[in-house]
Q: 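I have a structure I would like to understand better, so I am pasting it below and will then ask my questions one at a time.
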Amino acid sequence: MRLSRLFLPILKETPKEAEIASHRLMLRAGMMRQEAAGIYALLPLGLRVLNKITAIVREEQNRAGGNELLMPTIQSAELWRESGRYDDYGKEMLRIKDRHEREMLYGPTNEEMITEIFRAYVRSYKDLPLNLYHIQWKFRDEVRPRFGLMRGREFLMKDAYSFDIDAAAARHSYNRMFVAYLRTFARMGLKSIPMVADTGPIGGDLSHEFIILAPTGESEVFCHSDYLTYEVPDENVNFEDATGLQTIVDKWTSLYAATSEMHDSAKFEALPEPVRMSARGIEVGHIFYFGTKYSEPMRAEVTGPDGTPHAVHMGSYGIGPTRLIGALIEAFHDDAGIKWPEAVAPFRVTILNLKQGGADTDAACEKLYRDLSGKGIDVLYDDTDNRPGAKFATADLIGIPWQILVGPKGLADGKVELKRRSDGSRELLSPEDVVARLTL
RNA sequence: CGGGGUGUAGCGCAGUCCGGUAGCGCAUCUGCUUUGGGAGCAGAGGGUCGCAGGUUCGAAUCCUGCCGCCCCGACCA
């Protein structure tokens with residue numbers, strides 16, 4: 001993509017409504033535009049990041065055994081009356097009426113609908129375990145939306161639902177998601193720590209929040225510092241091996257870790273002082289096991305080996321991809337702008353032509369652009385006629401992991417400069433070596 | 001939902017107290033020069049002053065009502 005043709009409305013000055021880094025930087029980097037309180041349009045750069053995030057989420061859900069489908073955003077009130085949540089959910093649920101005065105709602109979550117789909121088709125324990133998920137927009141009418149995408153009212157959510165014949169099998173399903181979540185966040189460059197969580201209005205008795213550490217995080221968290229050194233299972237982890245998964249989950253839940261709401265200061269103080277870590281965190285995922293809370297009232301049953309009906313044991317598992325955009329920026333930025341991890345960067349590399357219109361620089365940039373694009377690399381070529389300083393500022397702001405600086409000085413020696421955004425390190429290389437380096 | 005702010009050009013702001021027909025910086029457009037850390041000079045365009053009433057010869061400014069948005073708290077993927 002050529003920058004001259006990319007719709008990238010960057011701002012030099014910070015819009016006054018933005019207080020925290022991610023909100024400020026998303027607006028400045030032209031990633032999104034606010035349309036109403038807690039409601040945002042994603043611009044091309046923001047959408048690119050979101051798509052990278054959802055691709056990783058999807059891969060890991062599929063690897064763990066999930067089946068992707070897509071449920072609608074609008075749901076019927078009747079379904080929610082059946083589960084008893086229509087009245088319980090309160091004002092956070094956006095209720096609307098269609099032209100026939102039928103009561104509808106914009107889904108804040110999908111337990112009811114997925115249960116309805118499940119019971120319509122699944123009859124036998126032989127069809128279990130089953131994990132269904134989708135990635136869909138949700139609406140929760142937050143009293144006070146804030147922090148840009150981090151707490152919007154309309155947000156994208158990956159929500160998965162598991163169905164099992166009994167509690168033991170459900171525990172295996174829960175563990176699949178637990179491990180998938182560890183992997184999902186790690187692939188984005190994030191260190192996530194599972195913490196025992198309050199189950200809230202969704203209900204149930206087994207739940208973990210996945211918290212990533214960021215200095216500007218919303219909540220205060222307390223944990224054993226050894227979690228920072230734990231290895232995340234690699235892609236060869238066997239999700240069918242219930243015992244193996246349980247071992248991993250046991251390890252990741254054995255040490256103290258709690259958000260401030262669940263914090264037990266006596267337990268925490270009992271830890272040796274050097275391993276006590278208190279930090280700021282952002283919740284990016286939440287998993288629940290809630291047994292038969294929905295399957296009983298909604299009669300989602302299968303016939304068991306004994307020939308009698310069994311209400312299925314369910315779990316639900318959420319990740320907020322739009323929130324993750326903000327969380328990633330909170331975790332990876334400096335005064336100059338965003339520092340995207342490569343896995344989620346909108347472009348992997350950007351070429352800065354420091355003398356646009358110069359015969360040598362233009363030719364060198366065009367060749368680099370062709371060569372890198374030809375290798376399937378997401379490359380952004382800054383072919384605008386801005387001065388070098390402006391190009392540096394833009395590249396740093398939008399946070400592309402690799403910058404290739406092509407200027408008359410270096411080209412005189414046949415060299416261009418490869419700069420790494422994350423640590424600012426630079427290296428003088430021939431254009432061929434740069435291509436080789438980036439295609440390793 | 002309580003408390004506190006705020007609304008003037010795309011963005012950041014001044015002007016409001018003390019009424020006289022709207023200004024600054026950045027951005028945008030044109031031209032020339034410039035090209036390794038947000039360029040310089042010259043010129044140009046762009047605003048129903050959040051909305052609706054009212055007071056007045058005259059309202060961005062005073063009065064009344066409404067709306068939007070932000071921040072702090074209680075609540076949450």
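No hydrogens, no waters, no symmetry mates; every other heavy atom, side chains included, goes into these values. Lettering follows sequence order; numbering is per chain, from 1.
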Q: Hey, does A:Thr14 reach any base, or is it just sugar-phosphate, or nothing, if we go heavy atoms under 4.0 Å?
A: sugar-phosphate
Q: Paired with B:C69: which nucleotide, if any, by Watson-Crick or G-U wobble criteria at under 3.5 Å for both distances?
A: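 B:G5 - that is the nucleotide pairing with B:C69, both distances being under 3.5 Å.
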Q: Just checking A:Lys158: base, sugar-phosphate only, or nothing, at a heavy-atom cut-off of under 4.0 Å?
A: nothing
Q: Does the structure show a Watson-Crick or G-U wobble partner for B:A39, both distances under 3.5 Å? Name it, or say none.
A: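 Answer to the pairing question: B:U33, which forms a Watson-Crick or G-U pair with B:A39.
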Q: Going by the side chain to side chain contact (heavy atoms under 4.5 Å, CB included) test, name the single residue among A:Ile282, A:Ile212, A:Ile193, A:Leu213 that passes it with A:Val221.
A: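 Testing A:Val221 for a side chain to side chain contact (heavy atoms under 4.5 Å, CB included) against A:Ile282, A:Ile212, A:Ile193, A:Leu213 leaves exactly one candidate, A:Leu213.
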Q: How about A:Arg85 and A:Tyr294: does a side-chain donor come under 3.5 Å of a side-chain acceptor?
A: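 A pair is found: one side chain offers a donor N or O, the other an acceptor, under 3.5 Å apart.
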Q: Measure from the side-chain heavy atoms of A:Arg146 and tell me the nearest of B:G37, B:G73, B:C69.
A: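 Closest nucleotide among those given: B:G73.
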Q: Under 3.5 Å for both donor-acceptor distances, Watson-Crick or wobble: does B:G58 have a partner, and if so which one?
A: none
Q: By the 4.0 Å heavy-atom rule, please label A:Gly152 as base, sugar-phosphate, or nothing.
A: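 The answer is base, as A:Gly152 lies within the cut-off (heavy atoms under 4.0 Å) of a base atom.
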Q: So what does A:Gly410 touch, heavy atoms closer than 4.0 Å: a base, only the sugar-phosphate, or nothing?
A: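 It contacts base atoms.
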Q: Using the C1' atom on both, measure B:G4 against B:A74 and round to a whole Å.
A: 16 Å
Q: Of the options B:G12, B:A77, B:C69, whose atoms approach the side-chain atoms of A:Pro15 most closely?
A: B:G12
Q: Answer yes or no as to whether B:A77 has its base stacked against A:Phe155, where stacking requires a ring-centre separation under 5.5 angstrom and planes under 30 degrees apart.
A: yes
Q: Would you kindly check whether a donor in the side chain of A:Arg426 faces an acceptor in the base of B:G37, or vice versa, at under 3.5 angstrom?
A: yes
Q: Report which part of the nucleic acid A:Asp396 touches: base, sugar-phosphate, or nothing (heavy-atom distance under 4.0 Å, all strands).
A: base
Q: Ignoring hydrogens and angles, answer whether the base of B:G36 and the side-chain atoms of A:Lys415 contain a donor-acceptor pair closer than 3.5 Å.
A: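 Answer is no: no donor-acceptor pair is held.
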Q: Look at all strands and tell whether A:Gln34 reaches a base, only sugar-phosphate, or nothing, counting heavy atoms closer than 4.0 Å.
A: sugar-phosphate
Q: Just call it for A:Ala36: base, sugar-phosphate, or nothing, with non-hydrogen atoms closer than 4.0 Å on any strand.
A: sugar-phosphate
Q: Using the P atom in both, what is the distance from B:A9 to B:C49, to the nearest Å?
A: 10 Å
Q: If you check every side-chain atom of A:Arg387, which of B:A39, B:G36, B:C70 has the closest atom?
A: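 Output: B:A39.
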Q: Among B:G38, B:G36, B:G12, which is the nearest nucleotide to the side chain of A:Thr394?
A: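 Nearest nucleotide to the side chain: B:G38.
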Q: Below 4.0 angstrom from OP1 or OP2 of B:C72, is there any side-chain N or O of A:Arg144?
A: yes
Q: Give me the distance, rounded to whole Å, that separates B:G19 from B:C57 when you measure between the C1' atoms they each carry.
A: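 So the two C1' atoms sit 12 Å from each other.
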Q: Verify the neighbour count for atom NZ of A:Lys267: are there more than 12 heavy atoms of other residues, nucleotides or ligands below 6.0 Å?
A: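 No, the 6.0 Å shell around NZ holds no more than 12 heavy atoms from other groups.
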Q: What does A:Gly407 touch in the nucleic acid at a heavy-atom separation under 4.0 angstrom: a base, only the sugar-phosphate, or nothing?
A: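 The residue A:Gly407 makes base contact.
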Q: Across all strands shown, which nucleotide pairs with B:U64 by Watson-Crick or G-U wobble geometry, both distances under 3.5 Å?
A: B:A52
Q: When the C1' atoms of B:U34 and B:G50 are compared, how many Å lie between them, rounded to an integer?
A: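 It comes out at 43 Å once rounded to the nearest Å.
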Q: Answer with yes or no whether A:Arg28 presents, from its side chain, a donor or acceptor under 3.5 Å of a partner atom in the base of B:G38.
A: yes
Q: Give one of base, sugar-phosphate or nothing for A:Lys16, where a contact means two heavy atoms less than 4.0 Å apart.
A: sugar-phosphate
Q: With rounding to the nearest 0.5 angstrom, report the CD1 to CG distance, A:Ile351 to A:Asp383.
A: 10.0 Å
Q: Here's a test of your reading of the structure: between A:Ala18 and A:Leu156, which maps to the more 5' nucleotide of RNA chain B?
A: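 The residue whose closest nucleotide sits nearer the 5' end is A:Ala18.
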Q: Taking the same atom, C1', in B:U61 and in B:C17, what whole-Å distance lies between them?
A: 9 Å
Q: When both hydrogen-bonding distances must be under 3.5 Å and the geometry is Watson-Crick or G-U wobble, what is B:A14 paired with, if anything?
A: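 Base partner found: none.
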Q: For A:Tyr86, does the six-membered ring have the charged nitrogen or CZ of A:Arg95 within the cation-pi criterion, i.e. under 6.0 angstrom from the centroid and within 45° of the normal?
A: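 Checked: cation-pi criterion met.
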Q: Test A:Phe178 against every option in A:Phe210, A:Tyr317, A:Trp252 by the ring pair (Phe, Tyr, Trp, His ring centres under 6.0 Å) rule and name the one that passes.
A: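 When ring pair (Phe, Tyr, Trp, His ring centres under 6.0 Å) is applied between A:Phe178 and each of A:Phe210, A:Tyr317, A:Trp252, only A:Phe210 qualifies.
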Q: Just call it for A:Ile10: base, sugar-phosphate, or nothing, with non-hydrogen atoms closer than 4.0 Å on any strand.
A: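 Result for A:Ile10 = base.
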Q: Relative to the 5' end of RNA chain B, which residue comes earlier, A:Glu35 or A:Arg323, by the nucleotide with the nearest heavy atom?
A: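 In this pair, the answer is A:Glu35.
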Q: Between B:C26 and B:G43, how many Å separate the two P atoms, rounded to a whole number?
A: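 14 Å, rounded to whole Å.
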Q: Is A:Leu11 touching bases, backbone alone, or none of the nucleic acid, heavy atoms closer than 4.0 Å?
A: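 Nothing, no heavy atom under 4.0 Å.
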Q: Heavy atoms under 4.0 Å, any strand shown: does A:Lys355 hit a base, just sugar-phosphate, or nothing?
A: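 Sugar-phosphate, backbone atoms only, no base.
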Q: Are side-chain heavy atoms of A:Lys375 and A:Leu438 found at a separation under 4.5 Å?
A: no
